[in-house]
Amino acid sequence: MRPGLCTWENFDDILRKGLKVWIFYLAVLFVCRLFFLWWMKEYMGAGDGAGDVLAAIVRGGRLSCQTAGALTVVALVPGLVLHYVAPKIERAWWKIALSAELVITSILYVASFPYYRQFHANFNQLMFNAANDDMVALFWSLVQEFYLPVRLAVAFILAFVLYKIAIAFILRWDGPKLSFVVLFPWPVRYLVRACALGLAYVIGLLSVFGGSLGWETGVDWENAGVTKDDFLNEAILDSFQAVHRGYVLQNRMLACNGLDFTVEDIRALAALHAGMEPTSDDLDVYLRRTAAGNRLGRQPSHIFIILSESYANWPLLDKYADLHIADGMRSVIAEDDSDYCPTFLPNGASTVSAVTGVVTGFADANLYLTTMPEAFAAPYPTASAPQFARLGYTTNFWYAGPATWERIGAFTQAQGFEHFYSRGDYGDVPGSVWGCEDEVLYEKILDGLAEDDAPSYNVILNASNHSPYDVDVEAKGFDAAQVRSALPEEVQDDEHLLKDSLFVIVGDHGDRYNIDKTPTTYERYGIPFVITGQGVHKGTLLKDSAGSQIDIVPTILELVAPAGFEYMSLGTSLTTANRQGVNYGFWITRHAIGKADTVPLVVEPVEDDRQDIDQQAMQDYINAIRSVSWWRAKYGPILDATKLEGRT
């Protein structure tokens, strides 16, 4: 019988095996990444330097800590059990587990080379679409075009070599043992044992949090791509992480199973929303708008939509004024050239919903647009960038974080943005795992615009107000009374920029942090909508206006576009007729708010006065926004019931 669990012999054996397995897999993934970078270097951008490659290697090594940890757990846990209940077959298990894992690792790695050449990406959700292909045709294509037998042979040879190394390193090489400490007094024995357990704990954290000791700075597949080069960003992912990415994205796409509306429902709702008769099966007919005329008296040179991370409206309420946590924004709102709508909803519960709302003009309607092939085929007619391009603006999307997060780089460019900038374009700058500091982001934007005098439409997504909240706000003048003081010094006196630009400031979502432990629905979910610039004045927005993020772009277009300019929008301008907003779960008016999925709708006051609503009109508005967003984004402009056949 084996000695007990707490003996030095068992403790030493278990600890050393687990540590050696983790180190082995980490080393294998590291070497594989290096070879991939060298062999496929022709895909690297011309401007990439040693610093970019090193950043990819370091970031990839941190991410592979997670992969190595997972592979270690799969082999170690059954081996640990067998160590006590069936020690005679423990060694056989290790051989089976290691051989199986290394065969899978080798096949995926060898396949990653032709996969990248074909799709210019590491494994992604397209690999899961193979189940819908003609499997016979697919097999012969792999044989004839991609030399499947040869590649499989290479993979098995690689697996065999790695297996031999693994067996020699993990099972045959004893390495340094801890059992020698039994010769020392008990305090020394327990100190050594505590240090060994501490090392195991640290490795566990590195494995869970992707090369970090906590989630705040951890690396995962969504925030891994920090370089400016697509190839390097893909190389950061080892094969297992890339497959995991594809699996997650595929499941997100499959979750886009739509809503329960018939084509007759959608036609009637779209027509009602547009104030038209339901005579057409072309949804785009109901989305066409004509601008009433430039309400600013001029067309601004630059337009900025700032989607500010977790920027809720509650700090701007009078009841929280004494906290002085929003004095800068209060001062902006108080200016004569600013207006403010306090009853505004985010498009969804997360940042990606805010992005899709502003970029595509569609509401969050049970669709994950950044995973849908339809969203990458061509810009939707309601997409903001192409419409501002028709007004002569260069279109830019500026993001503080990595381009790989939610596929934001590829998505925004597929939806018509001419330029996309992300963390990889800014160099080695301060920030967190979520992105560079806001101050750095704004400096990069201003530097970029200074190099080109062309009119520009800019969507800015910042990240500093995201945990772990490690920005030194006191050092940056948190107590300053004016937002202007937070700008870089060289910009504070740039009156031309301030006078010749239109700024729209809006939160990406609320519902994160409230001082009140039991906030009202309005305080919990509401975000501010602030517009400022030359020509803006109090009353630019309707006095009783309310809205959501799909209403931002039509509001701006009605302010800057000439009379007769035709544009496409599901949302409505807050300068003309919009007095309600709706999102994934709520509706709002100037005086009331409530959940969107109750029958009847339950009214909660925004302030002290309770206001009734037209139940049918609000329900029709909710259904129109949701149904049109769902159908147009997923199935295209034509209402055709046959497209729903076979849908689950």
Side-chain angles (χ1 to χ4, degrees), residues 16-40 57 60-61 63-80 82 89-119 121-124 127-128 130 135 138-173 175 203 207 221 234-247:
R16 286 187 299 112
K17 273 195 177 75
L19 180 60
K20 287 192 289 184
V21 172
W22 187 79
I23 291 174
F24 170 75
Y25 278 122
L26 193 61
V28 168
L29 296 172
F30 175 78
V31 173
C32 286
R33 181 176 291 106
L34 287 182
F35 185 80
F36 184 87
L37 287 169
W38 175 76
W39 190 263
M40 304 286 284
I57 293 172
L63 182 58
S64 289
C65 286
Q66 195 175 75
T67 306
L71 292 170
T72 300
V73 167
V74 170
L76 182 63
V77 172
L80 179 62
L82 293 172
I89 62 173
E90 178 196 356
R91 190 176 183 86
W93 161 255
W94 279 105
K95 292 182 177 181
I96 293 171
L98 291 172
S99 61
E101 288 182 341
L102 290 172
V103 166
I104 295 172
T105 301
S106 299
I107 290 175
L108 289 175
Y109 181 63
V110 171
S112 68
F113 291 82
Y115 194 96
Y116 191 92
R117 288 191 175 95
Q118 184 73 13
F119 299 107
N122 209 330
F123 297 119
N124 54 26
M127 63 185 298
F128 293 94
M135 299 306 295
L138 178 62
F139 172 78
W140 286 113
S141 176
L142 291 174
V143 170
Q144 296 171 0
E145 185 176 353
F146 297 102
Y147 309 105
L148 179 61
V150 176
R151 294 186 185 280
L152 281 176
V154 172
F156 282 117
I157 292 171
L158 176 61
F160 179 77
V161 172
L162 292 176
Y163 172 78
K164 287 294 186 180
I165 296 173
I167 295 300
F169 176 60
I170 297 170
L171 298 183
R172 294 176 182 168
W173 180 64
I203 290 176
S207 299
W221 65 266
E234 289 296 306
I236 289 172
L237 303 182
D238 57 59
S239 295
F240 288 98
Q241 291 288 344
V243 170
H244 174 62
R245 172 184 64 179
Y247 175 77

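- With sequence neighbours left out, I96 forms a side-chain contact (heavy atoms from CB on, under 4.5 Å) with no residue at all.
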Exercise. Determine, stepwise, if the pair V103 / Y163 fulfils side-chain contact (heavy atoms from CB on, under 4.5 Å).
Key: CA-CA 9 Å; V103 166; Y163 172 78; over 6 Å; no
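- The minimum heavy-atom distance linking S207 with G69 is given by the pair OG-CA, 3.5 Å.
- Residues passing the side-chain hydrogen bond (donor to acceptor under 3.5 Å, both in side chains) test with R245, sequence neighbours excluded: E234.
- Checked against ring-ring contact (aromatic ring centres under 6.0 Å, His included), Y115 has the following partners two or more places apart in sequence or in another chain: F119, F123.
- Here N124 contributes atom CG and W221 contributes atom CH2; the two are 11.0 Å apart, rounded to the nearest 0.5 Å.
- Between the CD1 atom in I236 and the CG atom in L37 there is a gap of 9.0 Å [rounded to 0.5 Å].
- By the side-chain hydrogen bond (donor to acceptor under 3.5 Å, both in side chains) test, Q241 is found to be paired with Q66, T67, residues two or more places apart in sequence or in another chain being considered.
- For R91, the side-chain contact (heavy atoms from CB on, under 4.5 Å) partners two or more places apart in sequence, or in a different chain, are K95, L171, R172.
- The side-chain hydrogen bond (donor to acceptor under 3.5 Å, both in side chains) test applied to S64 returns R33, D238, not counting sequence neighbours.
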Enumerate, atom names and distances included, each donor-acceptor pair closer than 3.5 Å involving a side-chain atom of residues 70-80, sequence neighbours excluded.
residue	atom	partner	partner atom	Å
T72	OG1	W22	N	3.4
T72	OG1	A68	O	2.7

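- Here A166 pairs with F24, L98, L102, I170 under the side-chain contact (heavy atoms from CB on, under 4.5 Å) rule; sequence neighbours left out.
- Atom OG of S99 sits about 11.5 Å away from atom NZ of K164, to the nearest 0.5 Å.
- Atom CD1 of residue I107 and atom CZ of residue R151 lie 13.5 Å apart, to the nearest 0.5 angstrom.
- For F36, the ring-ring contact (aromatic ring centres under 6.0 Å, His included) partners two or more places apart in sequence, or in a different chain, are F113, F231.
- Of all the heavy atoms in L26 and G61, the pair that sits closest is CD1-O, 3.8 Å.
- No more than 12 heavy-atom neighbours from other residues, nucleotides or ligands sit within 6.0 angstrom of CZ on F160.
- Partners of F169 according to the ring-ring contact (aromatic ring centres under 6.0 Å, His included) rule, which considers only residues two or more places apart in sequence or in another chain, are W173.
- Remark: of the listed residues V110, T105, I104, I104 is the sole one forming a side-chain contact (heavy atoms from CB on, under 4.5 Å) with L108.
- Taking the ring-ring contact (aromatic ring centres under 6.0 Å, His included) definition, one finds that Y25 meets it with nothing, sequence neighbours left out.
- Residues L82 and W94 have side chains not in contact (no heavy-atom distance under 4.5 Å, counting atoms from C-beta outward).
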